[in-house]
Amino acid sequence: MTDTKSQTPSPTDQTAAQVRFEDFGLSPDILRALTEQGYVHPTPIQAQAIPVVLQGKDVMGAAQTGTGKTAGFSLPIIQRLLAHANSSASPARHPVRALILTPTRELADQVAENVKAYSRFTPLRSTVVFGGVDMNPQTAALRAGVEIVIATPGRLLDHVQQKTINLSQTQILVMDEADRMLDMGFLPDLQRIINLLPKQRQNLMFSATFSPEIKKLAASFLNQPQTIEVARSNATSDNVTQILYKVSEEEKRDAVSFIIRERGLKQVIVFSNTKIGASRLAVHLVKQGVKAAAIHGDKSQNERMVALEDFKRGEVEVLVATDVAARGLDISEMPCVINFDLPYNAEDYVHRIGRTGRAGAKGDAISLHTDQDERLLVDIEKLIKQKIVRLQLSGFVATSVHTERTKPARERFDAGSRHESGSRHDARPARGYQPPREKVDPWFLKPYTPSTTASLPVATAQAEEVSAAKPQKRAALLGGLLKARS
DNA sequence: AAAAAAC
């Protein structure tokens with residue numbers, strides 16, 4: 001909902017800030033919804049996208065999350081559906097006329113909430129469709145009739161198969177976070193869905209980055225699209241201060257709680273590369289009295305929802321997340337994000353830190369890195385075309401250890417407890433000497449041994465081969481798509 | 001290497 005909030009204009013916003021939502025010729029019913037929410041001025045992407053979408057043109061939009069993208073496409077879509085009412089259909093029948101696809105369930109839910117809010121005073125109906133929850137309520141809503149459907153691809157196709165949805169009248173298609181959908185291997189699903197739609201339709205595609213693959217996708221799906229680009233692609237916001245702290249693998253968890261305590265953070269997302277890592281870190285933080293919760297794909301949809309709601313309400317102060325939350329999640333006023341792990345994919349770094357410094361506000365992006373991360377760091381700095389500031393985590397002493405197994409960790413534990421002024425060590429003195437637990441995550445704990453160091457170049461070379469092959473495979477897929485269409 | 005998404 002922070003999407004369209006008017007903001008302190010930065011120099012580049014000045015023209016946009018002078019425009020008002022009233023200037024677009026939107027229906028009074030839409031303007032009323034906007035007024036009630038206190039939205040007066042469009043964000044730059046909204047100012048650019050709304051008129052173009054209203055004209056019925058295809059759009060290729062490059063926009064980071066937090067730029068007001070959702071309102072940028074949903075407001076004009078609602079307007080178009082209102083203006084071109086289905087005269088032929090009986091009033092009881094509401095065919096799906098606009099379809100909005102998103103990569104994650106949470107994002108689908110949020111977009112749906114926004115669409116509902118903007119169309120509140122119109123006769124248009126909308127519903128959201130995604131997996132992990134009971135199909136029946138969705139089926140009931142679709143039966144009752146909706147003009148706008150917001151969906152994740154898998155469950156949508158499920159409904160198609162069950163014949164509980166009819167897409168033969170869909171005039172507008174939106175692909176939100178298209179780059180993410182490609183990354184997640186949704187291309188075949190996208191193609192299947194598009195084949196179900198009328199050939200004559202309006203297509204809107206939004207992507208945080210303009211990779212060659214995205215351009216190919218745009219070329220195959222869009223019809224003479226108008227390009228809208230607000231932020232430089234792959235650029236990080238100037239409002240975000242990026243910091244790096246070098247720590248050892250064993251120190252990471254304590255470093256996170258140290259940073260949270262030291263800065264008095266009350267709203268922070270911590271990104272972990274693994275689901276198990278996210279869960280463990282959350283448990284660790286809770287044990288230290290931090291109000292933390294984990295959100296990742298192994299949690300039930302209900303748990304994910306509850307964690308997100310609690311976080312938005314402030315009941316949870318630290319949300320430990322995998323990349324399920326890297327893109328799209330609309331969480332307002334995020335002053336800080338922490339990378340517990342550096343992401344494997346440099347683009348994900350951009351998305352993660354895009355969770356902060358939004359809508360003109362300042363933000364901090366703090367990343368922990370270890371010796372093993374050097375390569376990832378190089379990739380990231382190459383992508384964002386800047387060096388990230390390396391700082392010392394001054395005053396930090398690890399008080400507990402990741403694993404009790406490695407000798408260096410134990411030494412650090414002893415050293416830490418001697419210098420530490422707090423009493424956590426005294427409260428639980430036996431902790432450092434317990435025998436190792438049975439289930440040790442091999443990925444998480446990589447001991448420093450000469451043999452692993454020696455084998456590293458080989459492993460790296462293999463990894464390069466794989467990642468080099470991937471785009472080609474995608475390109476081949478896209479090529480097939482192009483041929484199939486022509 | 002991981003994560004996400006349909007049952």
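Below, chains carry the letters A, B, ... as their sequence lines are ordered, and counting in each starts from 1.
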Note to self: Could you tell me how far apart A:Glu106 (CD) and B:dA4 (C1') are, to the nearest whole angstrom?
What the structure shows: 10 Å
Margin query: Can you identify which nucleotide, out of B:dA2, B:dA4, B:dA5, has its nearest atom closest to the A:His296 side chain?
Written below: B:dA4
Next item on the list: Please check the phosphate of B:dA4 (OP1 and OP2 only) for any side-chain N or O of A:Thr322 closer than 4.0 Å.
Entry: yes
Notebook entry, point to check: Does the side chain of A:Arg105 get closer than 4.0 angstrom to OP1 or OP2 of B:dA5 through an N or O atom?
Noted result: yes
Check: A:Asp189 CG to B:dA4 C1': how many Å, rounded?
Finding: 12 Å
Check: Within the pair A:Arg304 and B:dA5, is there a side-chain N or O less than 4.0 Å away from OP1 or OP2?
Finding: yes
Notebook entry, point to check: To the nearest Å, how far apart are A:Leu281 CG and B:dA2 C1'?
Noted result: 16 Å
Checklist line | Ion pair check, A:Arg180 and A:Asp348, cut-off under 4.0 Å | finding: yes
Checklist line | Distance-minimising heavy-atom pair for A:Lys116 and A:Ser126 | finding: NZ-O, 2.9 Å
Note to self: By the 4.0 Å heavy-atom rule, please label A:Gly132 as base, sugar-phosphate, or nothing.
What the structure shows: sugar-phosphate
Margin query: In this structure, how many angstroms lie between the C1' atom of B:dA1 and the CG atom of A:Asp348, rounded?
Written below: 14 Å
Item checked: Nearest to side-chain heavy atoms of A:Thr274, which nucleotide of B:dA4, B:dA5, B:dA2 -> B:dA2
Notebook entry, point to check: Atom CG of A:Leu182 and atom C1' of B:dA4: how far apart are they, to the nearest Å?
Noted result: 13 Å
Margin query: Could you work out, with side-chain hydrogen bond (donor to acceptor under 3.5 Å, both in side chains) as the rule, every residue matching A:Lys382, not counting sequence neighbours?
Written below: none
Notebook entry, point to check: Over how many whole Å does the gap from A:Leu342 atom CG to B:dA1 atom C1' extend?
Noted result: 15 Å
Under 3.5 Å, side-chain donor or acceptor atoms of residues 128-138 of chain A against the rest of the protein: list the pairs with distances, not counting sequence neighbours.
residue, atom, partner, partner atom, Å
A:Asp134, OD1, A:Asn136, N, 3.1
A:Gln138, OE1, A:Arg155, NH1, 3.2
A:Gln138, OE1, A:His159, NE2, 2.8
A:Gln138, NE2, A:Phe130, O, 2.9

Item checked: Phosphate OP1/OP2 of B:dA6: any A:Thr152 side-chain N/O under 4.0 Å -> yes
